[in-house]
Amino acid sequence: MRLSGRSLIWRAAALAAGTLLVINGSVFGNDVYWPFGPMSQFAFRTGTNDVIRSTFLAAVDEDGMLQRVTLSPANLGIARAEIEGQQPRFVREPDMLSDLAANYRRIHPGVPELTQLWLCEKVTKLHNGRDAGSTTQTVVGWPENSQVPADLPEFGGLKVPYRAGTDSTPGSSPGSSPTSSPSSTEAAQ
Amino acid sequence: MTAQAAVPVAGEPPAGSVPSPAERLRGWVFTPVPLARVALMRVVVYLFVVYDLFYVVNDPPHLAQNSAVLYRPIRIRTWLDLPTPSSGYVLTERAVVIAACALVITGVLLRLPRWLTALAGVVVAAGFTDWVSIGMSYSKVDHDHFALIMAVWVLPTVGTTLLRGRGAGLRSEAAGWALLCIQVGCVATYFLSAVAKVRYGGWDWVTGSTFAWAMTRRGTGLGRALLDPPWILTASQFLIFAIEVCSPVILWARGRVRYLMVLGFMVFHLSTYLAMKIHFLPLVICLLAFLPLEIVLQRREKPVP
């Protein structure tokens, strides 16, 4: 079944156009060019002595229990990488964290509401490509832009009573924590 | 392939004539392939689209409930003036896409009017592209869907393809072009990943700790076990960069080399899945466009004497 001349021409043109579009996106474009954007997942370079940042959410609920809250669409309406992609906005407008508290209230009816949230980063230091230990840094808090308590439980659903004034990094003032969050490219995954 | 060879190829130039360069180019871009191959590809792709809606890009129903503040539309959504997603919008869209997928698959099994399956195919293409673009519009953009998005746009152009019966074994240039487009989509994903690594990471991307970054953030037990000693992941970076750079070879490779390359890509995706739960299944499905899928039918359907 051979194609007519017209059928051949539009198909050849479409294939050429699609190929040129995706090459253009890869060489000159960015993520918003999707589906013709650059294939940028894992395309950034992490140096062998750099730090690896991984964002997580800590919160106190209305019962006064301190806990970690999994950043996933099913649990909080949005994924970790999506929060990381917008992290600079959260730093500029801490009130945006109230949207996450509202999501949690909607997705988990009947569960104690979250009344204080902290966007935090687990910062893993690399030394010659090896894990040289991790620290926790507060990125931004809401409604109080304070530091996350040092006795924050590890992942696993554990909750501990919240005691105010147990900052993880005594001496550092809110907002002074590094906000050099991964760019939207680096936030891949 | 004996069953195919027995089928007359309508309109082919007489055997033995020397093809001109234009004919040779035409023979590459529009290689006539059996319609049954596209029929099978349609079954796989449209079943996968339904799977994708629930298990791959399954977050639009969650995302649509977010405050509009968190919505960061990609350019295609603003250009086409697509709405800020709401629950009703995404759930309706999902139902429409599923119904249209069912219609396309039915059109592979039974003879339906050509316009009906083509229309259903276009509805899937538009609806699924919109759906996935919503998933990409909350500031995290993935590139695992490029080949699949191309596939849903080109598959409706082939016309009627039946799994069996008259015409299934006919070779069609339209079918060859559609499959080539999917193949180019796969190769673009690999090769342009290497281009992006050089663009964003630099030529020394391969000696960095990017995979350590990935394993530290989301590695499985196996993935974390690969962190030490660091040379394991550095070697993996060299290997994957080399695979991506060499990927266009598959467009010209034929026979066993091509099938081994497909297997190699699939092993690569399986390993990233085992190490960090990233599977790139939408791309894996599209790799099937490199295979003579119709042989699974020939075993059961003997050629008519």
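No experiment lies behind these values; they were computed from the predicted model shown. Reminder, nothing fancy here: chain letters follow the sequence lines and each chain counts from 1.
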Open item on the list: Quick check for you: among B/R77, B/R72, B/H145, which has the greatest number of heavy-atom pairs under 4.5 Å with chain A?
Closed with: B/R72
Open item on the list: Closer than 3.5 angstrom, by distance alone: can the side chain of B/W205 be matched with the main-chain N or O of A/F42 as a donor-acceptor pair?
Closed with: yes
Task: chain B interface, residue from A/A74, A/S7, A/A79 that has the most non-hydrogen pairs under 4.5 Å - done: A/A74
- [ ] To the nearest 0.5 angstrom, please state how far the OG1 atom of B/T207 sits from the CZ atom of A/R45.
- [x] 4.0 Å
Open item on the list: Quick check on B/T234 against chain A: is it the side chain, the backbone, both or neither that has a heavy atom closer than 4.5 Å?
Closed with: neither
Task: Where A/Q41 and B/V141 come nearest, the two heavy atoms and their spacing - done: CG-O, 4.4 Å
Open item on the list: If we define contacts as heavy-atom pairs under 4.5 Å, which of A/P73, A/G47, A/P35, A/A14 has the most with chain B?
Closed with: A/P73
TODO: Taking all non-hydrogen atoms of both residues into account, name the closest pair between B/V29 and A/L15 and its distance.
DONE: CG1-CD2, 4.0 Å
Open item on the list: Measuring from atom NZ of B/K140 to atom CG of A/D31, what distance do you get when rounded to the nearest 0.5 angstrom?
Closed with: 8.0 Å
Task: Which atoms of B/R26 approach chain A - backbone, side chain, both or neither, heavy atom under 4.5 Å - done: side chain
Task: B/V206 versus chain A, the contacting section by heavy-atom distance below 4.5 Å - done: neither
Open item on the list: Between A/N103 and B/N66, does the side-chain hydrogen bond (donor to acceptor under 3.5 Å, both in side chains) criterion hold? Intermediate values first, please.
Closed with: CA-CA 7 Å; A/N103 279 1; B/N66 272 291; 2.5 Å; yes
TODO: Go through B/V184, B/L227, B/T189, B/I149 and name the one with the most non-hydrogen pairs under 4.5 angstrom from chain A.
DONE: B/T189
Task: NE2 (A/H127) with more than 12 external heavy atoms under 6.0 Å - done: no
Open item on the list: Is B/S193 in contact with chain A via its backbone, its side chain, both, or neither, using a 4.5 Å heavy-atom distance?
Closed with: both
Task: Residue selection (most heavy-atom pairs with chain B, distance under 4.5 Å) from A/V51, A/V27, A/D131 - done: A/V27
Task: chain B contact via A/N128 - side chain, backbone, both or neither, heavy atoms under 4.5 Å - done: backbone
Open item on the list: Could you report the tightest heavy-atom contact between B/F30 and A/L3, atom names first, then the distance?
Closed with: CD2-CD1, 3.7 Å
Task: Side chain / backbone / both / neither for B/P61 at chain A, heavy atoms under 4.5 Å - done: neither
Open item on the list: Taking atom OH as the centre, does B/Y273 end up with more than 12 heavy-atom neighbours from other residues, nucleotides or ligands that are less than 6.0 angstrom away?
Closed with: no
Open item on the list: If I compare all heavy atoms of B/D59 with all of A/E82, which pair ends up nearest, and what's the gap?
Closed with: OD2-OE2, 4.0 Å
Open item on the list: Looking at B/S209, is its backbone amide N or carbonyl O close enough to the side chain of A/T48 to form a donor-acceptor pair, meaning the two atoms are under 3.5 Å apart?
Closed with: no
TODO: Let me know if A/A102 has heavy atoms under 4.5 Å from chain B in its side chain, its backbone, both or neither.
DONE: neither
TODO: Against chain A, label B/V69 side chain, backbone, both or neither, depending on which of its atoms sit under 4.5 Å from a heavy atom there.
DONE: both
- [ ] Find the one option among B/G202, B/P229, B/A174, B/A188 whose heavy-atom pairs under 4.5 Å with chain A are most numerous.
- [x] B/A174
Task: Within 6.0 angstrom of B/K277 NZ, more than 12 heavy atoms from elsewhere - done: no
- [ ] With a 4.5 angstrom heavy-atom cut-off, could you sort out which part of A/F56 is near chain B: side chain, backbone, both or neither?
- [x] neither
Open item on the list: I'd like to know which of A/L76, A/N49, A/L8 tops the heavy-atom pair count under 4.5 Å against chain B.
Closed with: A/L8
Open item on the list: Does any backbone or side-chain atom of B/Y138 lie under 4.5 Å from a heavy atom of chain A? Answer side chain, backbone, both or neither.
Closed with: both
TODO: Please check if the side chain of B/R217 supplies one atom and the backbone of A/I52 the other of a donor-acceptor pair under 3.5 Å.
DONE: no
TODO: Measure distances from B/L63 to the heavy atoms of chain A and classify the residue's part below 4.5 Å as side chain, backbone, both or neither.
DONE: both
TODO: Answer yes or no: does atom OH of B/Y55 have more than 12 heavy-atom neighbours from other residues, nucleotides or ligands under 6.0 Å?
DONE: no
TODO: Mark yes or no for whether A/Q86, through its side chain, and B/L70, through its backbone, hold a donor-acceptor pair below 3.5 Å.
DONE: yes
- [ ] Can you tell which part of A/L126 gets under 4.5 Å to a heavy atom of chain B, answering side chain, backbone, both or neither?
- [x] side chain
Task: Atom of B/T216, atom of A/T124 and distance for their closest heavy-atom approach - done: CG2-OG1, 3.9 Å
Task: Toward chain A, the part of B/S137 with a non-hydrogen atom under 4.5 Å - done: neither
Open item on the list: If you count heavy atoms of other groups shown closer than 6.0 angstrom to CZ of A/R106, is the number above 12?
Closed with: yes
TODO: Against chain B, label A/I107 side chain, backbone, both or neither, depending on which of its atoms sit under 4.5 Å from a heavy atom there.
DONE: neither
Task: B/W177 side chain vs A/R11 backbone, donor-acceptor pair below 3.5 Å - done: yes
Open item on the list: Which atoms of B/N58 are under 4.5 Å from chain A, going by heavy atoms: the side chain, the backbone, both sets, or neither?
Closed with: neither
Open item on the list: At a heavy-atom distance under 4.5 Å, which candidate from A/S72, A/S134, A/G29 has the highest pair count against chain B?
Closed with: A/G29
Task: Note, B/T129 side chain near A/W34 side chain (heavy atom, < 4.5 Å) - done: yes
